[in-house]
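Here the structure is laid out as structure tokens; the discussion comes afterwards.
Keep in mind the model is a prediction, meaning the values are calculated, not measured. Proteins get letters first, then strands, A, B, ... in listed order; numbering begins at 1 in each.
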Amino acid sequence: MKLEELKLGPRDEKQLAELISRFGFKSWPKEAARDTAPPPAASPLPVRADPEERRYETLFEEADLARWVKDLEAAELVAFDTETTSLDPMQARLVGMSFSVLAGRAAYLPLAHNYAGAPGQLGVERALALLKPWLENEARRKLGQNIKYDQHVLANHGVALRGVAHDTLLESYVLESHARHDMDSLATRHLGLKTLTYDEVTGTGVGRIPFEQVDVARAAAYAAEDADLTLRIHHALLPKLEAAEKLLYVYGSIELPAREVLFRMERDGVLIDAAQLEAMSHELGQKMLELENKAHKEAGQPFNLGSPKQIAEIFFEKKGMPVIKKTPSGAPSTDEDVLERLALDHPLAKMLLDYREISKLKSTYTDKLPKMVNPRTGRVHTNYGQATAVTGRLASNDPNLQNIPVRTPEGRRIREAFVASRGNAIVSADYSQVELRIMAHISEDENLLRAFAAGEDIHRATAAEVFGRSLRDVTSEERRYAKVINFGLIYGMSAFGLAQQLGLERATAQAYIASYFTRYPAVAKYMEETRKTARERGYVETVFGRRLWLPEIKSSNPARRGGAERAAINAPMQGTAADLIKLAMIAVRGWLDRERLSTKLIMQVHDELVLEAPDAELDRVRAEIPELMSGVAKLKVPLVVDVGSGQNWEKAH
DNA sequence: TAAGTCACG
DNA sequence: ACGTACGTGACTTAT
């Protein structure tokens, strides 16, 4: 599959038909499904009449595997799963593999089970030698449940998995992003079957054993079932996607190709200057000790500065500071907002604020990141969760590279440790004000569209409208207020929330909101329409048709219902932005491949792409990436992209 | 394991 | 009268 062929609009039927034939989709509905549509017809692919009838084999001999390889080569689509030594995709080694070509029929290939009395097995090397031609053949279509993981495992053994046609994780995510997507949940929801779970096979907690110590017969029952059920779940889910044109687009033209891009980003990793971070850790540790001593002295007693409970005792009981707000459980809050207010009168609160900032940086970043460097590659490899965020965004974990500090000077020193390798530069390209632009596009508010078309500073423009000034008369404080209002709009704010954020009377905040909606009436209409749509259909959509379900939109609990309404307002904007940057990643990766460039995509931070470019490619990359990112969709507003480069991530901003 | 807090967009 | 800005992941403390 060539990535560049997947840049199509959701309603380009001819190209969509082409796409469908490439993915081998079986049918194409005349109309997109409505939410009231009946459940889709049964899968056209073969499913055994009796779902309980299963024929699972365990492959011990080379002849057994050779017979299966023949079937794999001949099959239209093969469900495939790996069993491994670790959940860390970059560390995991193969213990076994399973395959299914037909619902109810599957094989487990034990390779490296290692316990007293374990049966003889083929071994990883011999098995991969036999399987490699199939695994690496783009034309042999494979299916998995979170197959990005299996692709890493195979890559750890020098095998380049090709021909990934489907992933049940992504199918489920596109259909119901809010639901669980683990195998057990999918089997229960879509097949009405109870599965053997990983925990049941390996145990939990201290009793957990590594998969290589799991009895082969038991492992076979588990692993073969996984492959079997993956295929059956696919047969259940793909028709549902095919019945809704836009969902099929999101799945086939956004999520599946993005999956491959994410694999490469994770694999390539990012270079950090571990020594620099370690030196910083030492420095921060010294500062923490100093602040701790100062705070203990000020408090008149030692206490654990990391314990909100102990802080509350000192602050609110011993010192009699006012309780400004409470946590959800009713305890007095000591969060940043509270400490900032208390700091006006109490030096101890300021000390704690300083301590919190430093300890956060140390414990989460400067201590941890150096330990996350992969010894083989010398780089840090995050894992991007592609089915985690309900809105369509990615999530980054182990380590999270999407929350690296940037807002404070001390924090930005951590960004300086994200560096380019010798002869390369870091390039950062981010969408400017993308969610507000999407709000303008969806609401079609003339005033907002005009401001973006004119290239105005959007917060300044908002301030001019809300406060009745000319653009040049807007004060910096008015602009700051307008910026808060703009963020609030994206989050579905209330007058109460705005007042709290700006430290105003609620009535004043309400007046600002009223003024905003007078000047941008189509935005007000959009907000109301979105609430209505959410109530009527139970979901909202992004510009590309990604669906976000809101199970609590009709809740009788006003707090829950209100939360669902705010999520409904936010989701089209956050989700469309997520769609756009995924399309951009696909476009960028396609361009780099076509042009045979060595530049790597190394990070995605929601509205920003970070690349590592050889010096010889830097000029081309700096020129082309913004064009590619801007060009992924033609909205009613320009998509502006800012680009920068430098020796480290901080300098590239 | 839950709660509280805080890093990011 | 009530609760009150969207979406994440990770760390520490306390149970």
For residues 646-653 of chain A, tabulate all N or O donor-acceptor pairs below 3.5 Å that involve a side-chain atom, not counting sequence neighbours.
{"residue": "A/Asn648", "atom": "OD1", "partner": "A/Glu650", "partner atom": "N", "Å": "3.0"}
{"residue": "A/Asn648", "atom": "OD1", "partner": "A/Lys651", "partner atom": "N", "Å": "2.8"}
{"residue": "A/Trp649", "atom": "NE1", "partner": "A/Glu608", "partner atom": "OE2", "Å": "3.0"}
{"residue": "A/His653", "atom": "NE2", "partner": "A/Arg415", "partner atom": "NH1", "Å": "3.4"}
{"residue": "A/His653", "atom": "NE2", "partner": "A/Glu608", "partner atom": "OE2", "Å": "2.9"}

A/Phe452: what forms a ring pair (Phe, Tyr, Trp, His ring centres under 6.0 Å) with it, not counting sequence neighbours?
none

Walk along DNA chain B from 5' to 3' and tell me the first and last nucleotide with an atom closer than 4.0 Å to a non-hydrogen atom of chain A.
B/dA3 to B/dG9

Under 4.0 angstrom, heavy atoms only, what part of the nucleic acid is A/Arg356 near: base, sugar-phosphate, or nothing?
sugar-phosphate

Among A/Asp268, A/Val261, A/Val427, the one residue meeting side chain to side chain contact (heavy atoms under 4.5 Å, CB included) with A/Leu601
A/Val261

Name the nucleic acid region contacted by A/Arg393, choosing base, sugar-phosphate or nothing; use a 4.0 angstrom heavy-atom cut-off, strictly under.
base

Which part of the nucleic acid, if any, lies within contact of A/Leu361, taking any heavy atom under 4.0 Å across all strands shown: a base, the sugar-phosphate backbone alone, or nothing?
nothing

What pairs with A/His152 under ring pair (Phe, Tyr, Trp, His ring centres under 6.0 Å), at least two apart in sequence or on another chain?
A/Phe263

So side chain to side chain donor-acceptor pair (under 3.5 Å) across residues 307-319 of chain A, not counting sequence neighbours, yields A/Gln301-A/Lys318

Assign a letter to each nucleotide of nucleotides 9-15 of chain C from its 5' end: B, base within under 4.0 Å of a protein heavy atom; S, sugar-phosphate only; -, no contact.
BBSSSSS

For a quick check of understanding: with a heavy-atom distance under 4.0 Å over all strands, which category does A/Pro558 fall into, base, sugar-phosphate or nothing?
nothing

Residue pairs fulfilling side chain to side chain donor-acceptor pair (under 3.5 Å) with at least one residue in residues 327-342 of chain A, sequence neighbours excluded:
A/Lys325-A/Asp335, A/Thr327-A/Ser329, A/Thr334-A/Arg356

Show which side-chain atoms of residues 579-588 of chain A pair as donor or acceptor with protein atoms under 3.5 Å away, not counting sequence neighbours.
{"residue": "A/Asp579", "atom": "OD1", "partner": "A/Arg546", "partner atom": "NE", "Å": "2.7"}
{"residue": "A/Asp579", "atom": "OD1", "partner": "A/Arg546", "partner atom": "NH2", "Å": "2.9"}
{"residue": "A/Asp579", "atom": "OD2", "partner": "A/Thr542", "partner atom": "OG1", "Å": "2.6"}
{"residue": "A/Lys582", "atom": "NZ", "partner": "A/Glu255", "partner atom": "OE1", "Å": "3.2"}
{"residue": "A/Lys582", "atom": "NZ", "partner": "A/Glu255", "partner atom": "OE2", "Å": "2.7"}
{"residue": "A/Lys582", "atom": "NZ", "partner": "A/Gly392", "partner atom": "O", "Å": "2.7"}

Please check: side-chain N/O of A/Thr462 versus main-chain N/O of A/Ala482, any donor-acceptor pairing under 3.5 Å?
no

Measure from the side-chain N and O atoms of A/Arg561 to the backbone N and O of A/Lys554, and report whether any donor-acceptor pair falls under 3.5 Å.
no

Not counting sequence neighbours, list each pair that qualifies as a ring pair (Phe, Tyr, Trp, His ring centres under 6.0 Å) and has a residue in residues 293-312 of chain A.
A/His296-A/Phe303

Please work out if A/Arg560 contacts a base, only the sugar-phosphate, or nothing of the nucleic acid, heavy-atom cut-off 4.0 Å.
nothing

Duplex segments of DNA chain C, taken as runs of at least three Watson-Crick or G-U pairs that stay under 3.5 Å
B:1-9 with C:6-14

Can you pull out the residues from residues 317-353 of chain A that lie within a 4.0 Å heavy-atom distance of DNA chain C?
none

Listed by chain and number, what are the ring pair (Phe, Tyr, Trp, His ring centres under 6.0 Å) partners of A/His459, not counting sequence neighbours?
none

